[in-house]
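These notes concern the structure reproduced below.
First listed ligand is number 1; within each ligand, the first listed atom is number 1. Residue numbers run from 1 in the order of the sequence given.
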Amino acid sequence: MIHLNQIFLRREERQLLNGVTLDMKKGEHWVILGRNGSGKTTLLEMMNGHLFPSSGTIDVLGHRYGETDLREVRKQIGYISQSVIEKLTLRDPVWEVVATGEYAFLRFYQEIDDKVRLKALQLLSEAGLSHVAYQPLSTLSQGERKKVLLARALMSEPKLIVMDEPCAGLDFHEREKLLIDLGRLADRDIMIVYVTHHTEEIIPLFTHVALIHDGQITAAGPKEEVLTTERLSQTYDWPVELEWANERPWIRASAGGNKS
Ligand SMILES: Nc1ncnc2c1ncn2[C@@H]1O[C@H](COP(=O)(O)OP(=O)(O)OP(=O)(O)O)[C@@H](O)[C@H]1O
């Protein structure tokens, strides 16, 4: 479904992505882990066709970027990130924000079709947000806004959802609630690519992990093989200990700290 082949991206003397090759197949759900500035968002922006490599090829959902109508591919991709929230209009009612996902618009300037309105309300109901459907987006908590974004992404019935740190800024309770919602996506036949800093967000839904360091993929494959104490210590440039609990990997800093 997603194939990145030898992707290089150079910006102002810096090599942001350095020979990235990744093969993500149908039925797999991927997490990308890496330090601040390692290139995670850059990689997601390439997958959803917002950024183009200096060299290399990108195939997503059977389309080769550069040889296809990008608008058609983007309709099949839901993108969840803080940058999307910032582009939405806070005074718009929540249901309308969700409805814009049908057409990948940011706002409506015309009458909204009844069918689209009902679909938005249905998705809000599934997200447990019916009670805020007619409130402005500005009145919602950070956790509720993330759920709205997920409902909005589902409007266009995407084949792929790309998420950039969806749990950032959420408290423990809100994070766990959002992770449960994400777990439910497994029933919808949607591939998920998820960027995070926190290994414990790798819930059982996720099958594969890619580790990125300084624009290079250092390991990629089934999560049980990729997630080792040694590889994670290299990824974070810090000695860590890894433990699996409730089918989720948890890390803590080693007692000795970073001796380098
Ligand atoms: N247009 C640009 N010109 C120069 N450097 C850029 C540009 N865009 C991004 N970068 C740099 O590329 C590097 C990778 O950025 P990216 O946002 O992909 O990192 P990230 O892994 O998502 O980081 P974070 O975890 O902090 O969100 C950063 O060092 C960033 O400063």
Can a salt bridge be assigned to the pair Lys40 and Asp164 using a cut-off of 4.0 Å between side-chain N and carboxylate O? no
Using a strict cut-off of less than 4.0 Å between a Lys/Arg side-chain nitrogen and an Asp/Glu carboxylate oxygen, indicate whether Glu102 and Lys75 qualify as a salt bridge. no
At less than 3.5 Å, what protein N or O atoms come close to the N or O atoms of ligand 1? Include the distances to 0.1 Å.
{"residue": "ligand 1", "atom": "18 (O)", "partner": "Thr41", "partner atom": "N", "Å": "3.4"}
{"residue": "ligand 1", "atom": "18 (O)", "partner": "Thr42", "partner atom": "N", "Å": "2.9"}
{"residue": "ligand 1", "atom": "18 (O)", "partner": "Thr42", "partner atom": "OG1", "Å": "2.5"}
{"residue": "ligand 1", "atom": "19 (O)", "partner": "Gly39", "partner atom": "N", "Å": "3.4"}
{"residue": "ligand 1", "atom": "21 (O)", "partner": "Ser38", "partner atom": "N", "Å": "3.1"}
{"residue": "ligand 1", "atom": "21 (O)", "partner": "Ser38", "partner atom": "OG", "Å": "3.4"}
{"residue": "ligand 1", "atom": "21 (O)", "partner": "Gly39", "partner atom": "N", "Å": "3.0"}
{"residue": "ligand 1", "atom": "21 (O)", "partner": "Lys40", "partner atom": "N", "Å": "2.9"}
{"residue": "ligand 1", "atom": "21 (O)", "partner": "Lys40", "partner atom": "NZ", "Å": "2.8"}
{"residue": "ligand 1", "atom": "22 (O)", "partner": "Thr41", "partner atom": "N", "Å": "2.9"}
{"residue": "ligand 1", "atom": "22 (O)", "partner": "Thr41", "partner atom": "OG1", "Å": "2.8"}
{"residue": "ligand 1", "atom": "23 (O)", "partner": "Gly37", "partner atom": "N", "Å": "2.8"}
{"residue": "ligand 1", "atom": "25 (O)", "partner": "Asn36", "partner atom": "ND2", "Å": "3.2"}
{"residue": "ligand 1", "atom": "25 (O)", "partner": "Lys40", "partner atom": "NZ", "Å": "2.7"}
{"residue": "ligand 1", "atom": "25 (O)", "partner": "His197", "partner atom": "NE2", "Å": "3.0"}
{"residue": "ligand 1", "atom": "26 (O)", "partner": "Asn36", "partner atom": "ND2", "Å": "2.8"}
{"residue": "ligand 1", "atom": "29 (O)", "partner": "Arg14", "partner atom": "NH1", "Å": "2.8"}
{"residue": "ligand 1", "atom": "29 (O)", "partner": "Arg14", "partner atom": "NH2", "Å": "3.4"}

Criterion salt bridge (Lys or Arg N to Asp or Glu O under 4.0 Å) on Glu72 and Lys159, from CA distance to verdict: CA-CA 12 Å; Glu72 286 308 310; Lys159 297 206 173 80; over 6 Å; no
Under a 3.5 Å cutoff, is there a donor and acceptor pairing between the side chains of Tyr79 and Glu45? yes
Heavy-atom side-chain proximity of Trp30 to Val162 below 4.5 angstrom: no
Please tell me whether Tyr65 and Phe52 form a close aromatic pair, meaning their ring centres lie under 6.0 Å apart. no
